[in-house]
Amino acid sequence: MKTCQDAGDVGTTIGVGLIVGFWVAADFVLALTYVIYRLANRQQGGRSRQG
């Protein structure tokens with residue numbers, strides 16, 4: 001019984017680790033997209049909002 005509980009705990013740890021890993025990866029992609037967007041707008045001179 002102890003072995004089954006230990007195996008379940010390992011599975012839970014792996015699952016939580018995967019969720020956290022995907023979350024971090026998604027945050028990295030969003031941050032990179034934001035930085036690229038900001039740099040693209042900065043290179044245009046930033047005059048698009050003044051109309």
Side-chain angles (χ1 to χ4, degrees):
M1 187 68 184
K2 176 80 170 130
T3 304
C4 290
Q5 186 174 0
D6 290 343
D9 291 344
V10 169
T12 300
T13 303
I14 291 171
V16 169
L18 284 173
I19 290 172
V20 170
F22 283 133
W23 191 319
V24 169
D27 283 344
F28 178 75
V29 169
L30 288 172
L32 186 62
T33 303
Y34 177 74
V35 167
I36 291 171
Y37 173 76
R38 294 288 293 187
L39 287 175
N41 280 345
R42 193 184 85 186
Q43 291 174 355
Q44 293 174 359
R47 298 181 184 177
S48 60
R49 293 185 182 177
Q50 292 178 354

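Position 1 is the first residue of the sequence, and the numbers go up from there.
F28 CZ to T33 OG1: the interatomic distance, rounded to the nearest 0.5 Å, is 9.5 Å. We find the CG-OG1 distance between L18 and T13 to be 11.0 Å, quoted to the nearest 0.5 Å.
V24 and L32 end up in different hydrophobic clusters when Ile, Leu, Val, Met, Phe, Trp and Tyr side chains are linked at under 4.5 Å.
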